[in-house]
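Notes to accompany the following structure.
Keep in mind it's a predicted model, so treat the numbers as computed, not measured. Chain letters run A, B, ... following the sequence lines, proteins first, then strands; residues in each count from 1. As a basis for the values below, the full set of heavy atoms in this structure was taken, side chains included, without hydrogen atoms, waters or symmetry mates.
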Amino acid sequence: GESVGLHLPTLSVQEGDNSIINCAYSNSASDYFIWYKQESGKGPQFIIDIRSNMDKRQGQRVTVLLNKTVKHLSLQIAATQPGDSAVYFCAEMEYGNKLVFGAGTILRVKS
Amino acid sequence: KAGVTQTPRYLIKTRGQQVTLSCSPISGHRSVSWYQQTPGQGLQFLFEYFSETQRNKGNFPGRFSGRQFSNSRSEMNVSTLELGDSALYLCASSLLGQGTEAFFGQGTRLTVV
């Protein structure tokens, strides 16, 4: 799970469009996954989680999809708003409540 | 319900000094984890405490230590500070750990000069 020399990918979307942020995780034994949103100067904010016995979970305007076969997570944000602009991280929870984070994706919403 | 509170928000220290950071978890949460966030390495796990016991530890040198009190508040300590310790230190609390939602504080921004 460590990332060296991070260059975060950026997703630019038009306000009102849907956003899809992707994440590959590393440990096939991980059974719990969380998406976080981090705005500048703040700590990560919990968005939505999913357990490995599910492949889809919906929240308010957000949907998380889990594909265990290829170890892939995605976060879908419906009707993206300017306030959604932030860095988004996926995290897998390993034994002992250790969260292993992805590098993150910058979401920019154009008005 | 109050969120996770970290103090102080900002710190400037000199190389060689030590520092103690504090985290008060959400009321009722027994698990507290610490993370270091830097532009180069991203978010990295330091350690987790549950009911005053360290339950898991990341790959950081022994200069990084922590503890948890009976009220679940936690402190982390960094001794003999190095320039590379400059980072945002984040604390996350969860009810039980082990697959339950983890909520983060705003972090402590440590700058070592």
Quiz item: Are any of the side-chain heavy atoms of Ser94(B) and Glu101(B) separated by less than 4.5 Å?
Solution: no

| query | Within a strict 4.5 Å, meaning less than it, do heavy atoms of the Arg55(B) and Thr53(B) side chains meet? | reply | no

Okay, Tyr35(B) and chain A: the region with an atom under 4.5 Å from a heavy atom over there is side chain

query: If we ignore angles and hydrogens, is there a donor and acceptor under 3.5 Å between the side chains of Asn77(B) and Thr20(B)?
result: yes

Whatever's closer than 4.5 Å to a heavy atom in chain A on Gln37(B) counts as side chain

Exercise: do Ser51(B) and Arg30(B) side chains pair donor with acceptor under 3.5 Å
yes

If one checks every heavy atom of Leu99(A) against chain B at 4.5 Å, the contacting part turns out to be both

Item to check | Pair Arg63(B) + Asp85(B): basic N to acidic O under 4.0 Å | outcome: yes

Applying a strict 4.5 Å limit to non-hydrogen atoms, the region of Phe33(A) in contact with chain B is neither

Under a 4.5 Å heavy-atom criterion, the part of residues 105-113 of chain B in contact with chain A comprises Gly105(B), Gln106(B)

- Message: The test is side-chain contact (heavy atoms from CB on, under 4.5 Å); show your working for Tyr36(A) and Phe46(A) and say whether it passes.
- Response: CA-CA 5 Å; Tyr36(A) 287 95; Phe46(A) 176 96; 4.1 Å; yes

Would you mind reporting whether Trp35(A) and Ile21(A) have side-chain heavy atoms less than 4.5 Å apart? yes

Under 4.5 Å to a heavy atom of chain A? For Ala102(B) that would be both

Side chains of Tyr88(A) and Leu11(A): closer than 4.5 Å at any heavy-atom pair?
no

When the 4.5 angstrom heavy-atom criterion is applied to Leu46(B) and chain A, the contacting part is neither

Show the numbers, then the answer: is there a side-chain contact (heavy atoms from CB on, under 4.5 Å) between Arg51(A) and Asp31(A)?
CA-CA 6 Å; Arg51(A) 300 191 186 278; Asp31(A) 61 3; 5.9 Å; no

Turns out that what part of Gln38(A) lies under 4.5 Å from chain B's heavy atoms comes down to side chain

